[in-house]
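Below: one structure, written as structure tokens.
Bear in mind the structure is a predicted one, so any value in this text is a computation, not a measurement. Labels below follow one simple rule: chain letters A, B, ... track the order of the sequence lines, proteins then strands, and each chain is numbered from 1.
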There are 2 protein chains.
Amino acid sequence: MRSQRTAIQDAAEVFKALGNPARLRMVRELSDGEKCVCDLVAAAGLGWSTVSRHLSILRAAGVVMDEKRGKQVIYQLALPCVSRFLACLENPSLYPAMHSACCGEDG
Amino acid sequence: MRSQRTAIQDAAEVFKALGNPARLRMVRELSDGEKCVCDLVAAAGLGWSTVSRHLSILRAAGVVMDEKRGKQVIYQLALPCVSRFLACLENPSLYPAMHSACCGEDG
DNA sequence: TGCATGTTTCGCTAAATAGCGAAACGTAGT
DNA sequence: ACTACGTTTCGCTATTTAGCGAAACATGCA
């Protein structure tokens, strides 16, 4: 029942979830398409337990969603804007420009 | 000289900077236009020193930029995509949809 | 120069986070 | 039911972060 009571809080959760290199790496991996935890472990270069915790943080923030498939758990992005925003951030040359050509149109 | 060596790291810094309710509130305030620290103190509802620290974090991450004007320091957003992304996050109803109507066109 | 005001840095404490390894849990197959 | 494998939870320690108040620093004006 914390729908608009914490709009900022919720948004902050998303940012906080993305504010970690390991999690960001995983998210970037997911931009490419859905992956099982094993793939994400490889992408993050960390232990299983650590990755699992990171994933639960991303899940709680609503950035990713999981789906059991056979004996694996498949993750995918739940927040497509993230890929776009990420693409923006990874083009530092676009930062200073006061246009958002990277994230959509200028309007 | 850490241009692409830490593309992810840098992006994570941005997210980390935004991953705090107080800082997010300030950033939202800045979406409205440039502000002096005093305005941001009011927006955050925190002490001056705390806000100053938050601002230096946002500045270091490249989210905002500052400019001395008279005896005040004026802040403004340096990353316009942020406003757009924020708008996306604050419309939870748009999350699950696999379109990014919120953050730009679909392409 | 010296005062008043706006802003940042410093020192501190409580709380949150990242990472690991071991153990627990769940599902597929025998 | 048992085994094997994929995934998550638990217990732990080191590091980081949030917040504050006091002090330092900078600027405009007299």
A:Leu40 CG to D:dT7 C1', straight-line distance once rounded to whole Å: 12 Å

A:Lys35 meets the side-chain contact (heavy atoms from CB on, under 4.5 Å) criterion, sequence neighbours left out, with A:Glu29, A:Leu30, A:Asp32, A:Asp39, A:Leu40

Pairs meeting criterion disulfide (SG to SG under 2.5 Å) with involvement of residues 32-79 of chain A, two or more places apart: A:Cys36-A:Cys38

Measure from CG on B:Leu24 to C1' on D:dT17 and round the result to the nearest Å. 17 Å

Who passes side-chain contact (heavy atoms from CB on, under 4.5 Å) against A:Ser83, sequence neighbours left out? A:Ser31, A:Leu77

What integer distance in Å separates A:Glu67:CD from C:dT27:C1'? 16 Å

Answer yes or no: is there a side-chain heavy-atom contact under 4.5 Å between A:Met26 and A:Val64? no

What is the distance from CH2 of B:Trp48 to P of D:dG21, rounded to the nearest Å? 14 Å

To the nearest Å, give me how far apart CZ (A:Phe15) and C1' (D:dT17) are. 19 Å

Test B:Arg69 against B:Glu34 for side chain to side chain contact (heavy atoms under 4.5 Å, CB included), laying out the working first. CA-CA 12 Å; B:Arg69 210 177 287 171; B:Glu34 54 181 37; 2.9 Å; yes

Protein and nucleotides 28-30 of chain C: nitrogen or oxygen contacts under 3.5 angstrom:
none

Within the sub-3.5 Å range, which N or O atoms of nucleotides 12-19 of chain C have a protein N or O partner, and how far apart are they?
| unit_1 | atom_1 | unit_2 | atom_2 | d |
| --- | --- | --- | --- | --- |
| C:dA18 | OP1 | A:Asn20 | ND2 | 3.1 |
| C:dA18 | OP1 | A:Arg23 | NH1 | 3.0 |
| C:dA18 | OP1 | A:Arg23 | NH2 | 2.9 |
| C:dA18 | OP2 | A:Arg23 | NH1 | 3.3 |
| C:dG19 | OP2 | A:His54 | NE2 | 2.5 |

Would you say that B:Leu55 contacts B:Asp66 through its side chain, given a criterion of any heavy-atom pair below 4.5 Å between the two side chains? no

Taking the side chain as everything from C-beta on, heavy atoms only, tell me whether B:Glu13 gets closer than 4.5 Å to B:Lys16. yes

Angle by which the axis turns from one end of the helix from C:dT1-D:dA30 to C:dT30-D:dA1 to the other, five pairs per end, to 10 degrees: 30°

Can A:Leu46 be reached from A:Trp48 by stepping across I, L, V, M, F, W or Y side chains whose heavy atoms are under 4.5 Å apart? yes

Rounded to whole angstroms, how far apart are CD1 on A:Ile74 and P on D:dG6? 13 Å

Does B:Arg23 use its side chain to pair, donor to acceptor, with the backbone of B:His54 at less than 3.5 Å? no

Is the B:Phe85 ring parallel, tilted or perpendicular to the A:Phe85 ring (thresholds 30°, 60°)? parallel

Per A:Ser49 side chain, nearest of listed nucleotides D:dT9, D:dA26, D:dC20: D:dT9

Nearest-angstrom distance from the residue atom CG of A:Leu55 to P of D:dT7: 10 Å

Does any non-hydrogen side-chain atom of B:Leu86 lie less than 4.5 Å from one of B:Leu18? no

Round to the nearest Å and state the distance from B:Leu18 atom CG to D:dT17 atom P. 14 Å

Any A:Tyr75 side-chain nitrogen or oxygen under 4.0 Å from OP1 or OP2 of D:dT7: no

